[in-house]
Amino acid sequence: MSRYPSSVDVAIVGSGPTGAAYARILSEEAPEASIAMFEVGPTVSDPPGAHVKNIEDADRRAEAQRRSEGPGAGAATVNNPGAVTSGMRRARPGTYLLLEGYQAEGEDGLPVVAFSSNVGGMAAHWTAACPRPGGSERITFLPDMDELLDEADRLLGVTTDAFDSAPFTALVRERLAAAVDEGRVDQTKVQRMPLAVHRRDDGRLVWSGSDVVLGDVTRANANFSLFDESLVTRVIVVEGRATGVAVRDLRTGAAYEVAARFVVVAADALRTPQVLWASGVRPPALGRMLNDQAQVVYAARLRDVEPPAQDQVAASGALTEQSGVSWVPFTDDVPFHGQIMQLDASPVPLADDDPVIPGSIVGLGLFCAKDLQWDDRVEFSEDDQDFYGMPAMRIHYTLTERDHAVLDRARAQIVELAKAVGEPLGDRPFTMPLGASLHYQGTTRMGAADDGRSVCGPDSEVWGVAGLYVAGNNVIPTATACNPTLTSVALAVRGARRIAGELAYVGNRHYTAGTRTK
Ligand SMILES: Cc1cc2nc3c(=O)[nH]c(=O)nc-3n(C[C@H](O)[C@H](O)[C@H](O)COP(=O)(O)OP(=O)(O)OC[C@H]3O[C@@H](n4cnc5c(N)ncnc54)[C@H](O)[C@@H]3O)c2cc1C
């Protein structure tokens, strides 16, 4: 017996925050539309899609991470501070690496390109930094971008005060500001990092995952269903229109077809183009303009500070590995995005007789915007298959001279920032292996017009395939340096509103409400 319906109004492939944004907006704006969300990975948290950091028991949290790691489950992983100095080809907990095809001969490749396969996608494991894009990061042909970003803030539950009680955060910001704020406008001055995190009444931190994006309105929507352990093998396209999806139930191995009026593929930046490719939807820009944010990290220690009071340490969320995040925004003149986090452990070994004052270790990270190239791409094999039986991937990726020059500047800048904050830890900054940002973009990029350089239009509908939408960082056409999820959720809001409007316009016997918006 199939656990799937034979037909729905909207099929969503992938349960990360961008797929969840479609489900949420549709639940709000088209509550009578039937929605089926298919996720290849298992449900690892409760409510489904919740961030695993919210699981208090360490063993259960580790189990949830392991179950998210698909074919990599059981491989050694490396947590953030460790990653700084190890340089090993290891995945972060909850993610797994591409085992083959990550680097072609003579190219830089993306050696630590990674995925998560679980309900909630990578956002069950993320750091939740949600800065807004600025300058050339912004998508100039979307006039409503600021309103969409406001909506994305609402869906992700973004706050700026979750760590206000943490020790030394104001001091860290003050010191960073003294080093970089001169000549910057208010928007690009050093500030609190907007985070998809909030504090419960009892003081505990809650990290947003897809559960927060779905929200009670989606969970209460009787027309919404989430099917985990369900691989969408292709979108069914008939005469230039998406008409459904082919799904394999991984619990039984059985294959089904589910008819749908609209299909949204939100399967991450490498697997979204994979699903399109497997469906025979292969526009010239598919998989191209792939971009990752090269990342430089360093650490510093606040030396001239007194230990904070015990109650302040307790209130700062001592159970988390970070306690306070500051933001040095990207500008076109200084093309890096700075994420400065107070860590609970030093990324470099410290002497045993040198105890760490909580909040005094500061991890600095600068993400660089890529010099976009058409030939940076993910390709798919006609013959070889990946762990799930989908077309195998091969990455082509190289840094340009301009990328190297920006990286040189970032390495110099991060030393200045570390010195401004306190005493630098370690001899020199560390350049992370490419792919470590976990912010892959561009592979189904949005364009203002169908000029062969983009895969979808401003509403995320794939050019030439009516009813087929794409979602995720892969839709972002610009070279961002800032963490991209807020932006890709904003783009998903626009696409979802378009579908809600189209459903109202098309109408059916179940659906009468609403008006067409476009
Ligand atoms: C450790 C870590 C820290 C991060 N920190 C930040 C941060 O601070 N800020 C930020 O902006 N971003 C951060 N990210 C990245 C962020 O998590 C992603 O940008 C975000 O999750 C992307 O959302 P998505 O919905 O597009 O894709 P995902 O969250 O990757 O979800 C895609 C889902 O699709 C599923 N899927 C794939 N193929 C199929 C298929 N064929 N059939 C069915 N299902 C399929 C996958 O299993 C997955 O669950 C971080 C990521 C990690 C791992």
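Counting starts at 1 for both ligands and their atoms, following the listed order.
Here's the thing with M390: none of its N/O atoms is less than 3.5 angstrom from an N/O atom of ligand 1. Ligand 1 has no nitrogen or oxygen under 3.5 angstrom from a nitrogen or oxygen of G41. Taking any N or O of W126, backbone or side chain, none lies under 3.5 Å from an N or O belonging to ligand 1. Considering backbone and side-chain atoms alike, V232 places an N or O below 3.5 Å from some N or O of ligand 1. Distances between N or O atoms of A128 and those of ligand 1 include at least one value under 3.5 Å. Not a single N or O atom of T95, backbone or side chain, sits closer than 3.5 Å to an N or O atom of ligand 1.
Contacts between S230 and ligand 1 below 4.0 angstrom, taking non-hydrogen atoms only, involve the backbone exclusively. At a heavy-atom cutoff of 4.0 Å, ligand 1 is contacted by the side chain of R92 but not by its backbone. Within the 4.0 Å heavy-atom criterion, the part of F38 lying near ligand 1 is the backbone and not the side chain. Contacts between S117 and ligand 1, counted as non-hydrogen atom pairs separated by less than 4.0 Å, involve both the backbone and the side chain. Residue contacts with ligand 1 for H439 involve side-chain atoms from C-beta outward but no N, CA, C or O (heavy atoms, distance under 4.0 Å). Heavy atoms of N474 found under 4.0 angstrom from ligand 1: none, in either backbone or side chain.
Counting atoms of ligand 1 from 1 in the listed order, those under 4.0 Å from a heavy atom of G16 are 25 (O), 29 (O), 31 (O). Applying the 4.0 Å criterion to heavy atoms of V13 picks out, from ligand 1, the atoms 40 (C), 42 (N), 43 (C). Within the listing of ligand 1, atoms 1 (C), 2 (C), 15 (C), 51 (C), 52 (C), 53 (C) sit less than 4.0 angstrom from a heavy atom of L438. Of all atoms in ligand 1, numbered sequentially from 1 with element shown, those under 4.0 Å from a heavy atom of G472 are 26 (O). The ligand atoms of ligand 1 that sit less than 4.0 angstrom from a heavy atom of S116 are 46 (C), 47 (O), 48 (C), 49 (O). Residue P484 approaches ligand 1 through these ligand atoms, each under 4.0 Å from one of its heavy atoms: 11 (O). For ligand 1 and A129, the ligand atoms under 4.0 Å from any heavy atom of the residue are 7 (C), 8 (O), 9 (N), 10 (C), 11 (O). Each of the following atoms of ligand 1 lies closer than 4.0 Å to a heavy atom of H125: 1 (C), 2 (C).
In this comparison of T487, D268, T485, the heavy atom closest to atom 11 (O) of ligand 1 sits on T485. Nearest-heavy-atom check against atom 23 (O) of ligand 1 across P93, P17, A266, C482 picks out P17. Residue A267 holds the heavy atom nearest to atom 39 (C) of ligand 1 of all those in A267, G94, A21. Closest heavy-atom approach to atom 7 (C) of ligand 1 within the set T272, N483, V489: this belongs to N483.
Residues P131 and F330 have side chains not in contact (no heavy-atom distance under 4.5 Å, counting atoms from C-beta outward). At a threshold of 4.5 Å between non-hydrogen side-chain atoms, the residues T127 and N483 do not count as touching. Side chains of Y22 and V10 form no contact here, defined as non-hydrogen atoms less than 4.5 Å apart. At a threshold of 4.5 Å between non-hydrogen side-chain atoms, the residues S45 and N54 do not count as touching. Residues N223 and L26 fail the side-chain proximity criterion, which asks for heavy atoms closer than 4.5 Å. Looking at L176 and V421, their side chains come closer than 4.5 Å, going by heavy atoms from C-beta outward. A heavy-atom distance below 4.5 Å is found between the side chains of L205 and R199. Considering only heavy atoms from C-beta on, T487 comes within 4.5 Å of M145 through its side chain.
Using cut-offs of 30° and 60° on the angle between ring planes, the pair Y4 and Y256 is perpendicular.
In terms of protein heavy atoms, atom 46 (C) of ligand 1 is closest to R271 NH2, 3.3 Å. Nearest protein heavy-atom contact of atom 22 (C) of ligand 1 is N473 ND2, 4.0 Å. Scanning the protein heavy atoms around atom 25 (O) of ligand 1, the nearest turns out to be T18 OG1, 2.8 Å. In this structure, the protein non-hydrogen atom closest to atom 29 (O) of ligand 1 is M122 N, 2.9 Å. Regarding atom 45 (C) of ligand 1, its nearest protein heavy-atom neighbour is V40 CG1, 3.7 Å. Protein heavy atom at the shortest distance from atom 33 (C) of ligand 1 is E39 OE1, 3.6 Å. Nearest protein heavy-atom contact of atom 5 (N) of ligand 1 is T127 N, 3.0 Å.
No option in N118, V119, V232 other than V119 meets the side-chain contact (heavy atoms from CB on, under 4.5 Å) test with E39. Checking each of T95, D386, L98 against F115 for a side-chain contact (heavy atoms from CB on, under 4.5 Å) leaves exactly one that passes, namely L98.
Between E229 and R3, no side-chain nitrogen of the basic residue sits less than 4.0 Å from a carboxylate oxygen of the acidic one, so the salt-bridge criterion is not met. Look at E69 and R66 and you find no salt bridge, because none of the NZ, NE, NH1 or NH2 atoms lies under 4.0 Å from a carboxylate O. K370 and D376 are joined by a salt bridge, as a carboxylate oxygen and a charged side-chain nitrogen come within less than 4.0 angstrom of each other.
Nearest heavy-atom pair across P477 and L372 is O-CD1, 3.6 Å.
By the side-chain contact (heavy atoms from CB on, under 4.5 Å) test, T431 pairs with V296, L407, R411, sequence neighbours left out.
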| Could you go step by step and tell me if R234 and E257 meet the salt bridge (Lys or Arg N to Asp or Glu O under 4.0 Å) rule? | CA-CA 10 Å; R234 73 191 159 86; E257 290 191 358; 3.3 Å; yes
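With Y102 as the aromatic partner, R89 meets the cation-pi criteria of under 6.0 angstrom to the ring centre and within 45 degrees of the ring axis.
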